[in-house]
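What follows is one structure encoded as C-alpha cells, with my remarks underneath.
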Amino acid sequence: MKWMFLPFFRITDYSGRSNRREYWLFQLLKVVFGLALAVGLGLTGAVASAPLLSSGIVTALLGNVVALVVFVIFLLCFLPAEIALTVRRWHDIGNSGWTIVVLLVCGMIPIVGFLAGIVPFAAMCWPGDKNINKYGPPPTAA
C-alpha cells in the first residue's frame, strides 16, 4: 500500500531512482480512483439527466461540463507526482529524464508518434539496473 502513495511524498524529488513496483502500483491507484470517479459521476449524471428531473439539453450539457472539469482536476492532482515518478523510473533503467521530452516531441509526428507511445510503456516494464548507476543505488537497496 505504501508503494501506491510514495510518489505523492516524493513529488518534488527528480533525482534518484524508482522501481517498477512503485510505478505500476501508482498507475493502479490512478486507474482505481479514475474508475471510482467515473462511476460516481455516471451515477450522479444519470440522476440529473432523468426526464422528470431535467429540463433537457441544457442539463445534459452542464453535466458533461462538470464531469470534464472534475476529470481535469483529478488528472492535475496526479500530474506532478506522475512526472517526478516517471523521471525517476527512467533513471532506474539508466536513461535521462529528459528522454520524456524527446518522446513527447516525437509523439507529435503522425507515424512516429505511434512508436513514441510504445517506447515509454515498454521502458516502464524493463527491470532497472541492478547495480549503482549515475543516478544512484537501486531503489530496493536504498
Side-chain angles (χ1 to χ4, degrees), residues 1-51 53-54 56-142:
M1 190 74 159
K2 79 169 189 164
W3 293 99
M4 290 181 159
F5 297 101
L6 186 59
F8 289 113
F9 296 112
R10 297 178 67 191
I11 205 163
T12 59
D13 182 13
Y14 289 90
S15 62
R17 298 164 60 176
S18 289
N19 59 18
R20 287 183 291 180
R21 177 187 298 164
E22 181 181 350
Y23 182 82
W24 288 110
L25 286 177
F26 181 75
Q27 297 304 323
L28 178 65
L29 176 74
K30 196 167 66 170
V31 167
V32 168
F33 270 98
L35 286 174
L37 185 62
V39 168
L41 286 172
L43 291 175
T44 58
V47 171
S49 63
L53 301 175
S54 68
I57 196 163
V58 174
T59 305
L61 181 63
L62 183 62
N64 289 338
V65 169
V66 168
L68 179 66
V69 168
V70 168
F71 266 108
V72 166
I73 291 170
F74 164 75
L75 291 174
L76 287 176
C77 288
F78 277 82
L79 186 64
E82 175 95 27
I83 292 171
L85 174 62
T86 305
V87 167
R88 289 191 311 270
R89 184 71 191 113
W90 277 102
H91 288 173
D92 191 40
I93 59 175
N95 293 319
S96 170
W98 289 103
T99 308
I100 303 164
V101 176
V102 173
L103 290 171
L104 284 174
V105 170
C106 290
M108 294 179 200
I109 303 170
I111 294 175
V112 178
F114 175 73
L115 295 174
I118 293 174
V119 170
F121 176 77
M124 296 302 111
C125 295
W126 292 334
D129 293 340
K130 294 191 185 324
N131 299 321
I132 295 174
N133 66 14
K134 64 182 179 179
Y135 301 104
T140 55

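Since this is a predicted model, take the numbers as computed values, not measurements.
Here the closest non-hydrogen pair linking D92 and N19 is OD2-CA, 3.8 Å. The nearest pair of heavy atoms linking M124 to R20 is O-CG, 3.6 Å. Summarising the geometry of P80 relative to C77, their closest heavy-atom pair is CD-O, 3.9 Å, with the distance given to 0.1 Å. Of all heavy-atom pairs spanning L25 and M4, the tightest one is O-CG, 3.5 Å. For the pair T86 and Y23, the tightest heavy-atom approach, listed with the atom from each and the gap, is OG1-CE1, 3.9 Å. Across every non-hydrogen atom of S18 and P139, the tightest pair is C-CG, 3.7 Å.
Residues satisfying the ring-ring contact (aromatic ring centres under 6.0 Å, His included) criterion with F8, sequence neighbours excluded, are F26, F78. By the side-chain contact (heavy atoms from CB on, under 4.5 Å) test, V102 is found to be paired with C106, residues two or more places apart in sequence or in another chain being considered. Residues meeting the side-chain contact (heavy atoms from CB on, under 4.5 Å) test with V32, sequence neighbours left out: L28. With sequence neighbours left out, the ring-ring contact (aromatic ring centres under 6.0 Å, His included) criterion links F121 to W24. Taking the side-chain contact (heavy atoms from CB on, under 4.5 Å) definition, one finds that V31 meets it with L35, sequence neighbours left out. For E22, the salt bridge (charged side-chain N to carboxylate O under 4.0 Å, His left out) partners at least two apart in sequence or on another chain are R10, R88. I109 is linked by a side-chain contact (heavy atoms from CB on, under 4.5 Å) to V112, counting only residues two or more places apart in sequence or in another chain. Every residue was checked against the ring-ring contact (aromatic ring centres under 6.0 Å, His included) condition with W126, not counting sequence neighbours, and none meets it.
For L76, the CG atom sits in a packed shell: over 12 heavy atoms of surrounding residues, nucleotides or ligands are nearer than 6.0 Å. When the shell of 6.0 Å around CZ of F71 is examined, it contains more than 12 heavy atoms from other residues, nucleotides or ligands.
Rounding to the nearest 0.5 Å places CG of L103 at 11.5 Å from CD1 of I118. If you take CG on L85 and CG on D13, they are separated by 10.5 Å, rounding to the nearest 0.5 Å.
Under the salt bridge (Lys or Arg N to Asp or Glu O under 4.0 Å) criterion, no residue pair touches residues 31-42, with sequence neighbours excluded. Identified under the salt bridge (Lys or Arg N to Asp or Glu O under 4.0 Å) test for residues 118-140, with sequence neighbours left out: none. Residue pairs meeting the ring pair (Phe, Tyr, Trp, His ring centres under 6.0 Å) criterion with at least one member in residues 80-100, sequence neighbours excluded, are H91-Y135. Listed by first and then second residue, the salt bridge (Lys or Arg N to Asp or Glu O under 4.0 Å) pairs involving residues 74-86 are K30-E82 (not counting sequence neighbours).
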